[in-house]
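Data block below; observations after.
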Amino acid sequence: MAFPHKEIEKKWQNYWETEKTFRTDREDTAKSKFYVLDMFPYPSGSGIHVGHPLGYTATDVIARMKRMQGYHVLHPMGWDAFGLPAEQYALDTNEHPGTFTEANVKIFRRQLKSLGFSYDWDREINTTDPNYYKWTQWIFLQLYKHGLAYVDEVPVNWCPALGTVLANEEVIDGVSERGGHPVERRPMKQWILKITAYADRLLEDLEEIDWPESIKEMQRNWIGRSEGAEATFTVADQADETIKVFTTRPDTLFGATYMVLAPEHELVEKITTAAEREKVDEYKKAVSLKSDLERTELTKEKSGVFTGAYAINPVNDEKIPIWIADYVLITYGTGAVMAVPAHDDRDYEFAKAFDLPIREVVSGGNIAEAAYIDDGVHVNSDFLNGLHNEKAIEKVIEWLEENNVGRRETSYRLRDWLFSRQRYWGEPIPIIHWEDGSMSAVDESELPLMLPDVGEFKPPGNGESPLANATDWLEVTDPATGMKGRRETNTMPQWAGSCWYFLRFIDPHNDEALADWEKMKYWLPVDLYLGGAEHAVLHLLYARFWHKFLYDIGVVPTKEPFQKLYNQGMILGENHEKMSKSKGNVINPDDILESHGADTLRLYEMFMGPLDAAVAWSENGLDGARRFLDRVWRLLVTEDGQLTSAISDSEGADHKLWSTYYQTVKKVGDDFEHLRFNTGISQMMVFINAANKEETIPRGAAEGFVKMLSPVAPHVAEELWTILGHTSSMTYEPWPTYDESYLVEDEVEVVLQVNGKVRSKMQMSKEATKEKMEEVALADEKIAANIEGKTIQKVIAVPGKLVNIVAN
RNA sequence: GCGGGUGUGGCGGAAUCGGCAGACGCGCUAGAUUUAGGAUCUAGUGUCUUACGACGUGUGGGUUCAAGUCCCACCGCCCGCACCA
């Protein structure tokens, strides 16, 4: 008989809810804590997909196991509910995005509850709740007060289709990450957060956290720290104008044969000669019209024009021409480079295209064919001649510093974080611009600064957000001075709310602080944080930045928020392709819950393969998971719902099943701990296969098994626990333990090899000496047959494992 | 191009330290049972071979008594970055 999943699931979900089984209600310092967190979802209109239960089940298994192991577990859930789809809905319908969001949250909450996750729902939070975003705004004000939030007129990624600017991180290959619309550069006044002030610490502290190496590497690359030197060139015949360049290869200064400025560089105007002005202006205009995509196109030929001006190389007073070219980026370093075509691929390509001189200063390559970028002995370099790269770099930096024409310098690829969005559905930035041109922060006592109701969700079209439509809200008068002012109309990006939500879960109803210090001290850092790899550099870098800032101002007790991070993989469609509506290979979890049940879905997703792998969905595999649960059920429960008579209270310690049982306890605990759910589950299958072959099953083994099953299939397990005669939830029952002595077998099977090939096997004491093993092996018939007529060269005996006889 | 990862049956995947390759599941084959089965139970299932046996973890080399595991070179696939000076 198959177990009645619908009935059981409903029963236990109601029980957990009414009993508040999973409520975490105090910080008990006598107990070890475990904070296990999922990346909270954006509640989209389409409900959850099968990818959500993958990560959420994994954390739920850990949470449930840790509770049984006596830990105090914090396992919360909430909603990252500001965002573009709701804004788009508001534009389409002119209804408040909050209405849409609330409806979606309801669907998500129902779906997650129907999967049986053991969240403490009393801690549910929503980033769009004013009681929540009050503290998001509060953190912004702290950043502002510490000079880490500032306004600047910067070239931004303006997306006409979305009517907003985007962060660099939101622009992929020149189009918007959301929607794939073209993006152009346009100067605008924007709020910017000074994440670059934390670049070194964000980089260095990666060493302290247990994250996948690939994610750490992506963050390192994103921060892009490079060490080198800044060198100062003067402009020929304009002694008061200098051009600073950043280079990681100051040792090649003697090989600089020209210089290149980014077309947007401020000096271009000043130095361009009358003869070249027309061409320069033309080039600058052409570049400004190009999108980032066109500018970075790989296949593109190098382009550029000569400015007519010359620079003086500080090391040898040589006069070199100054060009402008779009391969030099205004956003990196100083926006200017010294070009050393002999030892840089890009400069080499440019020099070849425009027939500029190429001078070798590091020997070892063939500069007639390609740039040589590796190590070598320096030549044509005056005081650097004869040195290798590393020594030459040190020496030239010393020289630059002594002669006051440069210094050691570190550059970063990381840019400051563009923090404003011209949208309605986000946290208002709590700043007032006064008519005298000054600006001030909204007083903390006035937080939250609520999102006003607006009649019109369409942006006014001048680059401002729809908040500019809310006149009553917008215009303020200082009661003390009577000065008039206007509120900031930009809102925060979606990343803001998710930068600190893990702190709010610790103390979600606190009115005095974002969370109580002692509670944070108890719960932080997050012990396990699980989510998709797509957040590698966005959310995870921003959250670390805010956390470090909050640490510096004494608001949080730890340097890093997430001690251990893990990325779940992706579930592909049955055809091994990414699930998408257009391909028609989407699996809807609601359908699976109906046909197979939550426990089957949970079990299947955990059994599919390693948690971090991309694995294809398989309907047959899902059926197999259900069959396993049915088999467990039949083993313990009769047709009429009673405990089967095979469960025996009178079996002694000599019952055959104990050995398999203890192996299972060891392996399941170990595998789950390390997130190897697929192998842990396979061991549970081994146990059930073995139990099915026995006439009787000791009650202790049956109960221990049900406990191990419960994190993965909690509804079935609770029901079996009841049938086994218990009257309340098994949530806090102690996790099974094992006795090492049952795992150590005295007699083991030893493999007998001849020349490395297995020829025979034999039962032998684990303690047998090498001599004894050799003796027994040589006495074996098959071995004897195999070495007949051969001379024994050597015998290798590994106690408890094998004997290998080398003979020829 | 650079960085990271990965390659094992028909499929998903196992294999702590170098020590029996293919656990577990799916699929498949045969049988039992059943009015019936996409249910259940039993047996089998890497390839070649009648058998003995041989071969077998992307390819080619190497180290070792012994290699999926270590070393060298190459090939394929996946992910990230991509003119960052």
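In what follows, chains carry the letters A, B, and so on, assigned in the order in which the sequence lines appear, proteins first and then strands, with residues in each chain numbered from 1.
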Could you check whether A:Asp623 gets within reach of a base, just the sugar-phosphate, or nothing at all, counting any heavy atom under 4.0 Å? base
Is any side-chain heavy atom of A:Arg544 closer than 4.5 Å to one of A:Tyr542? no
For B:C71 and B:C24, measure between their C1' atoms and round to the nearest Å. 33 Å
Which dot-bracket notation, 5' to 3', represents the base pairing of RNA chain B when pairs are defined as Watson-Crick or G-U with both distances under 3.5 Å, crossing pairs as [ ], and inter-strand pairs as |? (((((((..(((......[....)))((((((.......))))))(((....)))..(((((..]....))))))))))))....
Classify the nucleic acid contact of A:Arg626 as base, sugar-phosphate or nothing, counting any heavy atom under 4.0 Å across all strands shown. nothing
Ignoring the backbone of A:Val615, work out which of B:A66, B:G25, B:G13 is nearest its side chain. B:G13
Side-chain heavy-atom pair A:Tyr332, A:Ser226 within 4.5 angstrom cut-off: yes
Among the nucleotides B:C83, B:G12, B:G19, whichever has the atom closest to the side chain of A:Phe607 is B:G12
Describe the nucleic acid contact of A:Glu213 in one word from base, sugar-phosphate, nothing, applying a heavy-atom distance below 4.0 Å. nothing
Distance between P atoms of B:G1 and B:G12 (Å, rounded): 29 Å
Just compare B:G80, B:G25, B:A14 and give me whichever is closest to any side-chain atom of A:Thr679. B:A14
Looking at B:G12, B:G27, B:A85, which one has an atom nearest to any side-chain atom of A:Tyr332? B:A85
Touch check for A:Asn678, heavy atoms < 4.0 angstrom, all strands: base, sugar-phosphate only, or nothing? sugar-phosphate
Based on the glycosidic angle (syn within 90° of 0, else anti), state the conformation of B:G61. anti
Check whether the ring centres of A:Trp211 and A:Tyr566 lie less than 6.0 Å apart, and answer yes or no. no
Parallel, tilted or perpendicular: which fits the ring planes of A:Tyr604 and A:Trp617, with parallel below 30° and perpendicular above 60°? perpendicular
Working for salt bridge (Lys or Arg N to Asp or Glu O under 4.0 Å), residues A:Asp200 and A:Arg225: CA-CA 8 Å; A:Asp200 274 325; A:Arg225 180 188 157 103; 2.3 Å; yes
With a 3.5 Å cut-off and heavy atoms only, can you find an N or O donor on one side and an acceptor on the other between the side chain of A:Asn620 and the base of B:C26? no
According to a strict under-4.0 Å criterion, is A:Arg413 in side-chain N/O contact with OP1 or OP2 of B:A82? yes
At less than 4.0 Å, is any side-chain N or O atom of A:Arg631 found next to OP1 or OP2 of B:G25? Yes or no. yes
Could you tell me how far B:U64 sits from B:G10 if I compare only their P atoms? Round to whole Å. 34 Å
Pair A:Lys244 + A:Glu409: basic N to acidic O under 4.0 Å: no
Separation between the P atoms of B:C75 and B:A67, rounded to whole Å: 26 Å
Closest approach to the side chain of A:Arg627, judged atom by atom: which nucleotide of B:A39, B:A82, B:C20 is it? B:A39
With A:Arg626 as the cation and A:Phe3 as the aromatic partner, state whether NZ or CZ is under 6.0 Å from the six-membered ring centre and within 45° of the axis. yes
Side-chain atoms of A:Ser682 come closest, of B:A85, B:G13, B:C24, to B:C24
C1' atoms of B:G9 and B:A15, separation to the nearest Å: 15 Å
Within 45° of the six-membered ring axis of A:Tyr327 and under 6.0 Å from that ring's centre, is NZ or CZ of A:Lys302 located there? yes
P atoms of B:U16 and B:G68, separation to the nearest Å: 13 Å
Please tell me if A:Arg676 has a side-chain N or O lying less than 4.0 Å from either OP1 or OP2 of B:U16. no
Mind checking the C1' distance from B:C11 to B:U49? Whole angstroms is fine. 26 Å
Of A:Leu802 and A:Asn692, whose nearest nucleotide on RNA chain B comes first from the 5' end? A:Leu802
Has A:Glu213 got more than 12 heavy atoms of other residues, nucleotides or ligands less than 6.0 Å from its CD? yes
What's the base orientation of B:C48: syn (chi within 90° of 0) or anti? anti
Under 4.0 Å, heavy atoms only, any strand: does A:Ser411 hit a base, just the sugar-phosphate, or nothing? nothing
